[in-house]
K.L.:
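Mind looking over this structure? Questions follow.
Quick note: numbers below take in every heavy atom, side chains included, and nothing from hydrogens, waters or symmetry partners.
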Amino acid sequence: MEAATPERYRRVLLGVPHVDLHAGRSNRIGVGPDLRPLVLLPRADAGTGDAAVRALLPLVPAHAVGMVVARTIPQRERDLLEDVGLSWCDGRGALHLDWPGVMVHIEGATRPRADGQTAKGLGPVGLRAVQVLLGAWEKEWTVARLAQQAALSVGQAHTVFKALEDERLVTTTGKGPQQRRHLTDRAAALDWLAGLDSARRRPESAAAYLYARTPNELLHRFAERASEAGLPYAVTAAAGSQLLGVPVLSQLPVVQVRVGVLPAGPALERLGLERLDAEDAGRGANLELWTDTGELGTFGATTIDEIRVAPPVRVWLDLARQRGRGADAAQLFREQVLERA
């Protein structure tokens, strides 16, 4: 692929395995010896429908490849683009190329960094620190301030900034005690954090049933029990989004809650709730506890209507873990909350 493209497009394209990007005077793309003009298209407005996607077609000349390049593209939008014969590429290393006689589709395999390094040292505590940074991304930061506000050591805070600097996500000014750091690209930092978080194993979970007539009643009954039991918790994912004023799913069959101090199973016992096995959980559970390793949800939680809610960045990350409808809901939450902050 030859590309004379803005840097934000180049960064996305460079993340796709098996794609070679070369500097050139015009945008062209090739499969084998065959080269075609490449037209880089913007994403349509949020809530894209079939008509909005089809409106991109006149922008693509005959025999050219029209490709939407963006950091994130929801599955529904991908399907619409493919249905009308357009290509797409997103920041998680995924690509679909509409090419005569050839099926080219790469799904979610991120290219290794050129230096062979990864974001080492960023365990759960490091991820928590990045959440804190993204929650107040416009601030100027020092190592000491991050250590204090994210409740980690100065050494851990330095490691977090080093990882962000390696990804060119922060700028540094000054020296010594006067040194300040500032996030340069919040959207790119969100994408980077999402990649780190999704690479971690799903939190240990335990399912239960708590009688309630509505999800709101369920949340209040759970909050009362947790308060009586002295159990730190934070509602997250779709239920957390709803409490934050952004209902991204029409129904909440299961409420996800991160719990601290105790793992999910023992936490249910403290709450006086019976743990459901896998078969029963699939049929009747309306509550799922997640062990909050590293206080990813409980640290920085806020109280809304007497219920503890995880920070918005964590709510978004936990929504994305749901995949399917959850992934689309996560994108909607990101657009309405994180990208407007």
K.L.:
Between the side chain of R221 and the main-chain N/O of Y211, is any donor-acceptor distance below 3.5 Å?
P.N.:
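Flag set: sc R221 to bb Y211 pair under 3.5 Å.
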
K.L.:
Tell me, yes or no, whether the heavy-atom count around H158 atom NE2, taken from other residues, nucleotides or ligands under 6.0 Å, exceeds 12.
P.N.:
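Open: at most 12 neighbouring heavy atoms sit under 6.0 Å from NE2 of H158.
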
K.L.:
Taking the side chain as C-beta and beyond, is there a heavy-atom pair between L262 and R270 under 4.5 Å?
P.N.:
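In short, these two side chains touch, coming nearer than 4.5 Å.
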
K.L.:
State, with a plain yes or no, whether a side-chain heavy atom of W290 is found less than 4.5 Å away from one of D318.
P.N.:
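Yes, side chains in contact.
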
K.L.:
Go through T142 and R180 one step at a time and tell me if the side-chain contact (heavy atoms from CB on, under 4.5 Å) criterion holds.
P.N.:
CA-CA 5 Å; T142 65; R180 298 290 185 270; 3.2 Å; yes

K.L.:
Quick one: does S241's side chain have a donor or acceptor within less than 3.5 Å of a partner on V246's backbone?
P.N.:
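Side chain of S241 to backbone of V246: a pair is present.
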
K.L.:
If two hydrophobic side chains count as joined below 4.5 Å and joins carry through other members, does I304 share a cluster with L319?
P.N.:
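Yes, I304 connects to L319 through the hydrophobic network.
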
K.L.:
Going from CG on D98 to CE on M67, what distance comes out if it is rounded to the nearest 0.5 angstrom?
P.N.:
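Spacing of CG (D98) from CE (M67) equals 9.5 Å.
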
K.L.:
Would you name the heavy atoms of P311 and G297 that are closest together and state the gap between them?
P.N.:
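Looks like CD-O, 3.3 Å.
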
K.L.:
If I take atom CG from residue L231 and atom CG from residue L289, how far apart are they, to the nearest 0.5 angstrom?
P.N.:
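So the gap between those two atoms works out to 7.5 Å.
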
K.L.:
Rounded to the nearest 0.5 Å, what separation is found between the CZ atom of R168 and the CG atom of D185?
P.N.:
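It is 13.0 Å, given to the nearest 0.5 Å.
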
K.L.:
Could you report the tightest heavy-atom contact between L152 and A150, atom names first, then the distance?
P.N.:
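It is CD2-CB, 3.0 Å.
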
K.L.:
Evaluate the side-chain proximity of T172 to F161: yes if any heavy-atom separation is below 4.5 Å, no if none is.
P.N.:
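Contact flag for F161/T172 side chains = no.
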
K.L.:
Begin from the C-alpha positions of R314 and D197 and carry the test salt bridge (Lys or Arg N to Asp or Glu O under 4.0 Å) through to its verdict.
P.N.:
CA-CA 10 Å; R314 175 46 50 184; D197 193 71; 3.0 Å; yes

K.L.:
V313 and side chain to side chain contact (heavy atoms under 4.5 Å, CB included): which partner among L134, V132, L296, L127?
P.N.:
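Answer after filtering L134, V132, L296, L127: L134.
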
K.L.:
Would you please name every residue forming a side-chain hydrogen bond (donor to acceptor under 3.5 Å, both in side chains) with E217, sequence neighbours left out?
P.N.:
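For E217, the residues satisfying side-chain hydrogen bond (donor to acceptor under 3.5 Å, both in side chains) (neighbours in sequence not counted) are R213.
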
K.L.:
Where is the tightest heavy-atom contact between A285 and A207, given as atom of each residue plus distance?
P.N.:
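Distance-wise, the nearest heavy atoms are CB-CB, 3.9 Å.
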
K.L.:
Under 4.5 Å between any side-chain heavy atoms of L243 and I307, yes or no?
P.N.:
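Side chain of L243 against side chain of I307, heavy atoms only: contact under 4.5 Å found.
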
K.L.:
Write down the atom of V255, the atom of A239, and the distance for their closest heavy-atom approach.
P.N.:
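Distance-wise, the nearest heavy atoms are CG1-CB, 3.8 Å.
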
K.L.:
Can you tell me if E295 uses its side chain to pair, donor with acceptor, with the backbone of R128 under 3.5 Å?
P.N.:
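No, because the side chain of E295 does not come within donor-acceptor range (under 3.5 Å) of the backbone of R128.
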
K.L.:
Hey, mind stepping through H105 and W99 against ring pair (Phe, Tyr, Trp, His ring centres under 6.0 Å) and telling me if it holds?
P.N.:
CA-CA 10 Å; H105 190 93; W99 198 269; over 10 Å; no

K.L.:
State whether the side chain of R275 and the backbone N or O of A206 hold a donor-acceptor pair below 3.5 Å, judged by distance alone.
P.N.:
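No.
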
K.L.:
So for atom CD, which belongs to E204, do other residues, nucleotides or ligands contribute more than 12 heavy atoms lying within a distance under 6.0 Å?
P.N.:
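Counting other residues, nucleotides and ligands, CD of E204 exceeds 12 neighbours.
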
K.L.:
Do the non-hydrogen side-chain atoms of F222 and L287 ever get within less than 4.5 Å of each other?
P.N.:
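When only atoms from C-beta onward are counted, L287 and F222 do touch, with a gap below 4.5 Å.
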
K.L.:
To the closest 0.5 Å, what do you measure between CD (Q156) and CG (L122)?
P.N.:
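So the gap between those two atoms works out to 10.0 Å.
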
K.L.:
Check the hydrophobic clustering (I, L, V, M, F, W, Y; side-chain heavy atoms under 4.5 Å; chains of links allowed) and say if L219 and L252 are grouped together.
P.N.:
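No, separate clusters.
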
K.L.:
Could you give me the CA-CA distance, side-chain angles and deciding distance for W316 and V337, then say whether side-chain contact (heavy atoms from CB on, under 4.5 Å) is met?
P.N.:
CA-CA 9 Å; W316 167 64; V337 177; over 6 Å; no

K.L.:
Nearest 0.5 Å please: distance from the CZ atom of R78 over to the SG atom of C89.
P.N.:
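It is 9.5 Å, given to the nearest 0.5 Å.
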
K.L.:
Is the backbone N or O of Y233 less than 3.5 Å from a side-chain atom of D292, with the two atoms forming a donor-acceptor pair by type?
P.N.:
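Absent.
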
K.L.:
Find out whether V170 and W141 are in side-chain contact, i.e. whether some heavy atom of one side chain is under 4.5 Å from a heavy atom of the other.
P.N.:
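No, too far: nothing below the 4.5 Å cut-off.
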
K.L.:
Salt-bridged, E288 to R321, with N to O below 4.0 Å?
P.N.:
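Result for this pair is no, no salt bridge flagged.
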
K.L.:
Looking at CZ of R186 and CG of L193, how far apart are the two atoms once the value is rounded to the nearest 0.5 Å?
P.N.:
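Here the interatomic distance stands at 11.0 Å.
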
K.L.:
Does the side chain of V160 come within less than 4.5 Å of L133's, by heavy atoms?
P.N.:
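They are in side-chain contact.
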
K.L.:
Of all heavy-atom pairs between A264 and T291, which one has the smallest distance, and what is that distance?
P.N.:
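A264 and T291 have their closest heavy atoms at N-OG1, 2.8 Å.
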
K.L.:
With no hydrogens and no angle check, is any side-chain donor or acceptor of H220 less than 3.5 Å from a backbone partner on D305?
P.N.:
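Looks like yes, one N/O pair under 3.5 Å.
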
K.L.:
Determine, stepwise, if the pair V257 / R308 fulfils side-chain contact (heavy atoms from CB on, under 4.5 Å).
P.N.:
CA-CA 10 Å; V257 182; R308 298 291 285 171; over 6 Å; no

K.L.:
What's the verdict on salt bridge (Lys or Arg N to Asp or Glu O under 4.0 Å) for E165 and R181, showing C-alpha distance, side-chain angles and the deciding distance?
P.N.:
CA-CA 10 Å; E165 287 167 359; R181 293 173 172 85; 2.9 Å; yes

K.L.:
Applying ring pair (Phe, Tyr, Trp, His ring centres under 6.0 Å), name anything that partners F333, two or more places apart in sequence or on another chain.
P.N.:
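Counting only residues at least two positions away or on another chain, F333 forms no ring pair (Phe, Tyr, Trp, His ring centres under 6.0 Å).
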
K.L.:
Is the backbone of A234 close enough, under 3.5 Å, to the side chain of T298 for a donor and an acceptor to pair up by distance?
P.N.:
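Checking the backbone N and O of A234 against the side chain of T298, no donor-acceptor pair under 3.5 Å is found.
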
K.L.:
State, with a plain yes or no, whether a side-chain heavy atom of T236 is found less than 4.5 Å away from one of V315.
P.N.:
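They are in side-chain contact.
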
K.L.:
Taking all non-hydrogen atoms of both residues into account, name the closest pair between S198 and G195 and its distance.
P.N.:
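Minimum heavy-atom separation between S198 and G195: OG-O, 3.1 Å.
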
